J.: 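Here you go, one structure.
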Amino acid sequence: MPTRPFTLGRSRPLSGDPGAADARPFELPAHHLVTHGVVVGMTGSGKTGLVMVLVEEALRSGVPVLMVDVKGDLPNLLFTFPELSPAEFEPWIDPSAAARDGRSTADVAGGLAARWRDGLASSGLGPADVAALRARMAPRLLTPGTTAGEPVHVLSALETPSPLWDEDEEAAREALSASLSLLLRLVGRDPDPARSREHVLLAHLAERRLRARRAAGLEELLADLAEPPIAAVGALDVDDFFAPKERQALARELNTLLASPTFATWRKGAPLDVAAWLAPQAGGGGGAGKTPAVIVSVAHLDDDERLLVLGLLFDQLLSWVRGLSGTSDLRALVVFDEVFGFLPPHPANPPTKRPLLALLKQARAFGVGVVLATQNPMDLDYKALSNAGAWFVGRLQTDADRERVVEGLSGADGGAGGVGAAALSATLKALPPRTFFVRDVHMQPPSFLAETRFSLSWLRGPVTRREIGRLVRSISPPPPAPEPTRDSMNPKAVSPDARVDSLDFRSAHPDPRVDSLDSRSAHPDSRIDSLDSRSVHPDPRVDSLDQRLAHPDPRRASLDPSRRAQRAPVGPGGTVVLDPRHTPSAPQPARRSGAARADARAGAPAPPPASPAPSPAATAPPPPPEGWRSLYAHAPAAAPEGFRYIPWVAASVIAHLRDTKLGVALNRSQLLAAPLLPDGKPDLSRVARLDPSLLSTAPAAGARFAELPAPLAKRAAAQAAARALREHAYRTTEAAVAVHRELGLAQDDGESVEAFTARCRAAAARLAAAEQQQVVGRFAPRIARLGERIAAAKARYDQAEAEVAALPGAVGAALLGLVAGRDTARRAGTQRDKAAAKLERARQEWTEADAALRDLHAAQAAELAALEQLPLRAGEGIETKRLVPKKNDVEVAFVALAWAATLAGPA
């Protein structure tokens, strides 16, 4: 059954007006993308919106999609809000950005919801279409190299024997080769499968194990390198092919990689199995299966890591494609947004180029389409892209970009669909946002203009690693609520952590909308990152904290109970510090619809039964072990009956984020806390960022204290906790900084984007003025030489003109012949002809020199005018640079016992 056409918006002829009556729905037959597509357009052209609409239409049509996300935009596909209500938008609004505009997050969410409803209505869509898309797709957000999303085991082809060794030996060998190439690149060795001795030897050792259905992980390969189980490689003895000392050196390098904690993240998670990722899933309505929507996000990786991981991914993708049967229908769609740097022109050859070229040439025969999108077409291999059957060209920034696109379109079929190069360039220059010049070789006419429809997903912009974690939790099914057991009714069997969780109403709702109740935890805010300077320095004054917190104002107890309930302090891990005299009910998100509340109740585990009285506990705080200090959750001045403190561990961590090339140096301080596991180690799966204003150096009077785990008394416990929380900070800390690479400028800490843009314009103005002086200085010698040349030509012209005037004319020569004879007259005529020729040459030299001077002045004026535009276009060069710390740039100021407060019931 043919796949339904993709409804992308409206189309009109090249000569049509935006509101002309000849506009009609733009329906792209799905099989047209089997011959691949290219989307180009500058920032603000609507390129990402078109890519998202293509993805949505593929999913609505039941076509699996594999998306490669480099910038952080494609996870916006998960922002599908079925009710299009403000309550669905609000948790994802940045409070600091809203505050800068003088608005609340509720106001911003209301405006966004109204805009999205109106936009979808203008495209003939509505909430039912959003709900249908959300129900149809089976999303996965994979994040190689980090646990922010779903991690990926990038070396699974080595460590997991594949059935491909029996079904498709060539594909299995290609997957193994790609994994070994990545492994060798990580240790700085030659990764070439044909020329690298390391690659050839490891391939023999690994293939021998995998064919025997045994793992070929690093541990096994290290053992085989020490004592090779094979006698020869090719025609040479194994020791002659690779000497024992060289094998030992390679084994040491691989062992260092194996021992690296950073490398451990690359070896856990989902196997790198494209076939399993794109296999349809059961669960769709009407008996239809859900359609996979797989997002592989590498926005958090550095450039080298991206190339390595994506090179391996595309090799695996190519192996999967080659194992498919041939078809002319669209079987799957591969979308790569921001392909700049991954498919460069010759002679650059990054690890991603070869498999991408192979996909563009071969995947069409197997029904797999590839859509590539980029801002700058100058940096792509047009020899490969000219084979694409569908082009979507938005507004481009420079004439050179437009010329390159025109060249690529002309190369596709000898002409851009009957449109001249000059006319096409003029059309591209005048395109408004969200409007594209479309060239589809399968259509008649092949060229037209198209305006994309409104996307069903909210195009929020790049997401951070922290937000990726929230998105993954929102698409993962909540764990089933445990059945009550006899032990659960025993107060001695109820752990302190369990009681803390029962008081944290956010932990009972996996819905990200509920997470938004605490704006400080839902949004990484620079105000929280900075914390209180007193909390990040091991200074004696830090023990005093805020005197208002250590000695709460008794007048606060007379506040209205409902207001106090809404502003209840939140302690470690979201523990709500309740005042038993005014016990508040768990608050609910504002402006949530009835359906949303029903969904939240259906997905949340049932609240636990009231716990009986806990076992007796100490009424005095236990002395902190050596190397620790104590901090206490903010509590009432006098602890009520049942008030109890439970120990967590906390660390004040400072992360230094630097980029020496850009001259950026930021410090991010944070107070991290985690509950304790039975062995006394912090539970890193529940790390929380604390606000120091919620802590005090003194406990509430009359409170009881749980016992400290025995392992904390060990001297190394503080160091172990510091290392664990330092590692967590290293994995999760990041900052977004606006940079202008051409100007070499970076946004200062605390500087607004508007102020940075103004600074870039001022710097561009200074640069333009300096370059204008250089232009004038560069043209001055040439202008002076041409002036001298003109003066000399004019002098020769004047001399030749005088000579011609001095000689007799035609009548005078005739009279001279009568008087002096014909020979004399002939000589006079010859002199006159020579003088006239000399005059003509002088005139021509003068004219040419004068024209050259005018051209030179015009060229100088053009360069000066272009430089005058630099300050006006300075904002176009601003981009966002994401900074993450190096491991050595994260330090711990101090570690502490953070006593979390909760109600444990009457003693």
Side-chain angles (χ1 to χ4, degrees), residues 1 3-4 6 30-31 33-34 36-37 51-69 73-80 82 129-144 149-154 156 162 164 175 269-298 309-310 312-325 327 329-337 359 363 366-371 455-457 463 468 471-477:
M1 179 178 177
T3 306
R4 60 178 285 275
F6 293 176
H31 68 274
L33 289 179
V34 171
H36 315 310
V51 170
M52 192 62 67
V53 169
L54 282 169
V55 169
E56 291 173 351
E57 287 299 308
L59 296 173
R60 295 175 75 193
S61 301
V63 176
V65 181
L66 174 63
M67 292 159 275
V68 177
D69 177 51
D73 284 326
L74 294 185
N76 288 175
L77 177 67
L78 305 182
F79 291 125
T80 47
D129 299 285
V130 180
L133 173 64
R134 188 182 183 94
R136 182 67 187 269
M137 67 179 178
R140 292 182 74 177
L141 183 47
L142 303 172
T143 52
E150 183 181 357
V152 178
H153 192 332
V154 295
S156 56
S162 171
L164 284 177
L272 186 55
D273 187 349
V274 176
W277 294 354
L278 298 181
Q281 301 184 12
K290 287 195 172 186
T291 305
V294 182
I295 305 171
V296 180
S297 176
V298 294
V309 171
L310 293 184
L312 181 59
L313 171 65
F314 291 135
D315 275 320
Q316 296 279 357
L317 177 62
L318 186 60
S319 298
W320 171 69
V321 167
R322 287 171 173 168
L324 299 173
S325 59
T327 181
D329 292 331
L330 184 63
R331 173 181 275 141
L333 189 64
V334 179
V335 176
F336 193 166
D337 193 15
L359 282 171
F366 305 97
V368 178
V370 180
V371 174
S455 65
L456 298 170
S457 312
V463 297
I468 284 177
L471 282 172
V472 169
R473 290 193 298 272
S474 71
I475 63 178
S476 301

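A quick note: this is a predicted structure, and the numbers were derived from the prediction, not measured.
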J.: At what distance, to the nearest 0.5 angstrom, does CG of L278 lie from CG of L317?
T.: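 It is 7.5 Å, given to the nearest 0.5 Å.
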J.: Do the side chain of D69 and the main chain of L74 share a donor and acceptor less than 3.5 angstrom apart?
T.: yes
J.: Can a donor-acceptor pair be found between the side chains of R331 and S325 at a distance below 3.5 Å?
T.: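 Yes - a donor-acceptor pair under 3.5 Å links their side chains.
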J.: Would you find a donor on one side and an acceptor on the other, under 3.5 Å apart, between the side chain of W277 and the backbone of P271?
T.: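 Side chain of W277 to backbone of P271, a donor-acceptor pair under 3.5 Å: yes, one is there.
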J.: Quick one: list whatever passes ring-ring contact (aromatic ring centres under 6.0 Å, His included) with F336, sequence neighbours left out.
T.: F314, F342
J.: Side chains of V334 and M67: closer than 4.5 Å at any heavy-atom pair?
T.: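 They are not in side-chain contact.
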J.: Would you check if the side chain of D273 reaches a backbone N or O of A275 as a donor-acceptor pair within less than 3.5 Å?
T.: yes
J.: Any luck finding a side-chain donor-acceptor pair between E150 and T143 under 3.5 Å?
T.: no
J.: Determine whether V65 and V294 make a side-chain contact, defined as any pair of heavy atoms from C-beta on separated by less than 4.5 Å.
T.: no
J.: Between L33 and L54, is any pair of side-chain heavy atoms under 4.5 Å apart?
T.: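 Of all side-chain heavy-atom pairs linking L54 with L33, at least one is under 4.5 Å.
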J.: Can you tell me if E56 uses its side chain to pair, donor with acceptor, with the backbone of L456 under 3.5 Å?
T.: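 Yes, the answer is positive, given that a donor and an acceptor are paired below the 3.5 Å cut-off.
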J.: Excluding sequence neighbours, so at least two apart, what forms side chain to side chain contact (heavy atoms under 4.5 Å, CB included) with A30?
T.: T3, F6, L330
J.: Please identify each residue that fulfils ring-ring contact (aromatic ring centres under 6.0 Å, His included) with F366, with sequence neighbours left out.
T.: none
J.: Between V274 and L313, is any pair of side-chain heavy atoms under 4.5 Å apart?
T.: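 Yes, at least one pair of side-chain atoms sits under 4.5 Å.
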J.: Considering only heavy atoms from C-beta outward, does the side chain of L333 approach that of L66 to under 4.5 Å?
T.: no
J.: Would you find a donor on one side and an acceptor on the other, under 3.5 Å apart, between the side chain of T291 and the backbone of V63?
T.: no
